[in-house]
Amino acid sequence: MTAGSEAVQDLLPLVFAAPNEALAKAESVLRDRPEPLHASVAHQVIGIWQRDFGDMRLALRHLRRARDWAARAGSADREADVLATLGVALVHSGRTRQGLDALGRGVQRGTGHTRARVLFRRAYSWWVLGHHREALEDVRRAVPVLRQAGDVIWTARALTLRATVHLALGAVERAEADFASAEDLWAVTDQEHDKADAVESRGLAAFRSGDVPAALRLLDEAEERYAKLGTPTFMLSIRRCEVLMAAGLAAEALAEADTAIAELDSIGGQSTRKAELLLAAARAARQADDPATATARAGLAVRLFAGQRRAWWEAHARLVLTGARHAAGKRSGRLVRDAAAAAERLVELGAPAAPEAFLLAGRIALDLGRTADAERHLAVAARSRRNGPPLARMTGWAAQALRARAAGSTRGVLEACRRGLDVLDDHRMTLGASELRARATAQGAELAALAQQAALRSGGPRRLLVWSERWRATALSAPPTRPPADPELLSHMTAYREIAARAEEARMEGRPVPALEREQRRLEQAIRSRTLHMRGEAHGDDTRFDVGRLLERLGDGVRLVELAVVDGRVQVLLCGQSRVRRFEAGLLAAAETEAEHVQAGLRRLAHPGAQARLPVVEAAGRRLEELLLGPAAAHLGDGPVVIVPPGRLHRVPWALLPSLRERVVSVSPSASSWLRARETRPPRGGRQVLVRGPGLATGGAEVTRLADRYRGATVLEHRDATVPRVLTELDGAGLAHIAAHGTFRTDGPLFSALRMADGPLIVHDFERLGRSPYRIILSCCDTARFATVGADELLGLVTALLPLGTAGVVACSAPVNDAAVVPLMLALHEGLAKGLPLPEALRDARSAMPDDALHRATGWAFTAFGAT
């Protein structure tokens, strides 16, 4: 490109419309020995590109050359413009004083329209530094001049910046108004990078207003736009980390921040962005219960922010550092002072995070027994409970609950916990994806624990039962939002199924599959992203849990055993015969360890020749009973028993426990879920569907036999057992039996699958059903395994079915012997043919099996879920 072929000045707007094209053209200008003015522009363009997308050292080198060439050209406005760009780069490199000096000189040298552009960039630098009042003042001075000059691009940039500053100060409505005005202006320009930035900023605004799905969708859209331009996305990563943490995805936020830090370091990028990414990583690590990582990242962020003279950011980093030290077990008066100092500094700066800092100071003071100090700090934090976004109000209600506990007011604790969890309930139901609903409950874990502790101290088992139910399996209170009209999601799922099937076939043939696995992971990410974008439409179960209603439904014969965990110990709440009794059992940690031993034993017993392991497994079952039921085991009566375990104990094979071995036993995620299942009515017609997947050792032998029993049933096998056909037939069926290979994905529980003829039938597929089968029997390994997330939530195949109309499920919590499963399943269906409920039919089927280790272990591995 030569200076005469196109106006060199046009390269400056081009750097944000087509960054790589602008870079190439600027380098071409410099190769032709341009005049000073054109050389200044070309070096400035290269400096901007390196500043925002590359190496800061190269950026500063080119921008200083641009400044020198501008001085030679004798243009004061040209020199002012370059000084502004240089000042921003110096601020981003951590040289705050030099950057502000350059910006100040730019304001002095520039006139009219140019001066307004310099003011905008100084405002941007003030925002980076956390000086929000100064930023707003410079934007206030710049916008009228830019508008009067008809400068659409820079006016839109100024409005976007002003909106971003408003968001930092918690003024969401003002921010949204400015974003809307800026978006109207961007629509008439070709500034693709600025447009992507506007989408990113709208995502941040959606998050600040409490719309997490919209925030995730907009940030993903912005990332796609940046990818087309080939530009890095460090600021977007910082913002996405914040949204991911609010969605309960702290581990993902930490991974994103660390990846971005490594990439930034590899190109010698902006020091300011590195500090912000370190802060995001520290926050994520703290939320992910990794205080050591949080302390390390926050400590480095504090040092960088201090060196950059960024008081706003430094105060936030010090808050995270203090919180991480507290989480690591440190307790001291100095820690209280650090938290209080951070809180006061955040108040001075007008930061919305101040209540969080006061809450931390009050919590540490309580740990040290300094009730007067605690009350002072908690009282300030509690003020945020009345307004603001949901998580800010949650902070306020947590502070209020701690104040009430310190004052000895059980009623006050429970009222604050109730109000805080109500706020979180409203927030959860804006989320359409079952995963987000489940993970979001982690935000209420402290309130739920405080309420349970208060209920236990007050001595009433009914009250403890109510609070145990208040925050248990709440994600199952309503079906997830289903997106039948999303063709892109359906396309991704079809492609995923095909790729997964091809990868499985290649593995069986011993061929390498790295390319297929990469594509499978890409499609999984695409499916998950589309799912997380869904906004909630369904309302939860608004009826509060009623102990009287539960006892009425249980009658005199059925016992419901709810296991609550308070301060690490299992509290057994035995419900039945019109009363609730409480018994104390063992430690949850010990029960978890024993349950893992039992699962390992069952896996071994699934193979012939492991008879010698049977006494070991049975002994572990006795120990489990003592830890989980304790003295309650002697008061179970003779009738059916419903077990409601905490999420971390759902893999326990309950039929192995001695007192439950000969009983009718079912499991439910919560007493409320059991009540809903009990009151679910079967569909009209009661269609039966039998499905046989490929690759079973027995060939799915029970399906052939069951087809003779259920005349007129729909039988799907061989090429007919495809995912679309299976889903069509399952929808609204009365009884379904699926014999297939099952896999549980610990890294992605909603991609746990049953293998069909055309590939995996995943949990996301089941969530698209209008109504899941009234009863479903999963003759498949690992279908009763779950991921425990949030406060006490479960993600897995069974929990996907229960909110969709399924009243009863039989599923397996461990790998089992295919041949031993066949007689068990046939005996189970014999019981159903007699009109027995699923739990009773499963109990009788176990007793009908041969009394050897293989068949007994197979029976123990299967569990009945639900109520019928």
Side-chain angles (χ1 to χ4, degrees), residues 170 208-210 212 245-248 250 286-287 323 343 352-363 366 374-375 377-431 436-458 463-475 477 536 539-545 564-567 670 672 789-793:
R208 291 281 190 261
S209 64
V212 170
M245 282 184 276
R286 173 67 192 90
Q287 187 174 313
E356 181 186 344
F358 281 113
L359 173 60
L360 177 61
R363 185 179 282 123
L366 279 180
E375 168 58 23
H377 297 310
L378 293 174
V380 178
R383 294 172 191 163
S384 67
R385 69 190 187 276
R386 300 298 184 188
N387 48 51
L391 298 184
R393 283 180 283 152
M394 289 278 295
T395 295
W397 285 115
Q400 187 68 8
L402 289 174
R403 293 179 72 197
R405 188 177 70 171
S409 172
T410 298
R411 181 178 179 180
V413 171
L414 296 180
E415 174 64 12
C417 292
R418 182 185 68 78
R419 297 287 293 275
L421 293 177
D422 283 347
V423 170
L424 192 50
D425 270 338
D426 292 340
H427 168 63
R428 276 191 317 104
M429 297 317 297
T430 67
L431 309 175
L436 287 189
R437 287 185 187 175
R439 292 187 184 278
T441 61
Q443 307 287 352
E446 181 185 20
L447 287 171
L450 286 170
Q452 285 185 306
Q453 291 164 0
L456 181 62
R457 284 195 303 270
S458 70
R463 176 177 280 179
L464 181 57
L465 175 62
V466 168
W467 279 101
S468 176
E469 279 293 299
R470 177 63 181 82
W471 207 240
R472 185 188 289 257
T474 56
S477 63
H539 296 288
D541 186 353
D542 292 331
T543 59
R544 294 294 185 195
F545 174 69
V565 179
V566 182
D567 295 330
S670 67
S672 300
V789 299
D792 196 16
E793 302 291 324

Quick one: are [X] and [Y] in side-chain contact, heavy atoms under 4.5 Å?
X    : Y    : value
T410 : R457 : no
L465 : F545 : yes
L402 : L359 : yes
W471 : L424 : yes
R363 : E446 : yes

Q) Is it the case that more than 12 heavy atoms not belonging to R463 sit under 6.0 Å from its CZ atom? A)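 No, not enclosed.
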**Q.** Any donor-acceptor N/O pair, T395 side chain to P355 backbone, under 3.5 Å
**A.**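 No; judged by distance alone, with no hydrogens or angles, the pair does not exist.
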Q: Keeping the roles fixed (side chain from Q452, backbone from V566), state whether a donor-acceptor pair exists under 3.5 Å.
A: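 Not a single qualifying donor-acceptor pair exists.
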Specify the closest pair of heavy atoms between [X] and [Y], including all atoms of both residues, with the distance to one decimal.
X    : Y    : result
G170 : P352 : N-CG, 3.9 Å
H377 : G362 : CB-N, 3.7 Å
R393 : R385 : CG-O, 3.4 Å
R437 : G536 : NH2-CA, 4.1 Å
V212 : A247 : CG1-CB, 4.0 Å
D426 : T430 : O-CG2, 3.5 Å

Q | Charged N-O contact under 4.0 Å between R428 and D425 | A |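 Judged by the 4.0 Å cut-off on N to carboxylate O distance, R428 and D425 do form a salt bridge.
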Q) Do R411 and E415 sit within salt-bridge range, that is, some charged N less than 4.0 Å from a carboxylate O? A)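 No, no charged N to carboxylate O under 4.0 Å.
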What's the spacing between [X] [atom1] and [Y] [atom2] if we round to 0.5 Å?
X    : Y    : atom1 : atom2 : result
S409 : R403 : OG    : CZ    : 11.0 Å
W467 : S458 : CH2   : OG    : 11.5 Å
F358 : L378 : CZ    : CG    : 10.5 Å
L414 : R419 : CG    : CZ    : 13.5 Å
C417 : Q400 : SG    : CD    : 10.5 Å
R470 : D792 : CZ    : CG    : 13.5 Å

(Q) Show, in sequence, the C-alpha distance, side-chain angles and deciding distance for E469 and S672, and conclude whether the side chain to side chain donor-acceptor pair (under 3.5 Å) test is met. (A) CA-CA 7 Å; E469 279 293 299; S672 300; 2.8 Å; yes
Q: Would you check, one step at a time, whether the test side-chain contact (heavy atoms from CB on, under 4.5 Å) holds for D422 with R418?
A: CA-CA 6 Å; D422 283 347; R418 182 185 68 78; 3.2 Å; yes
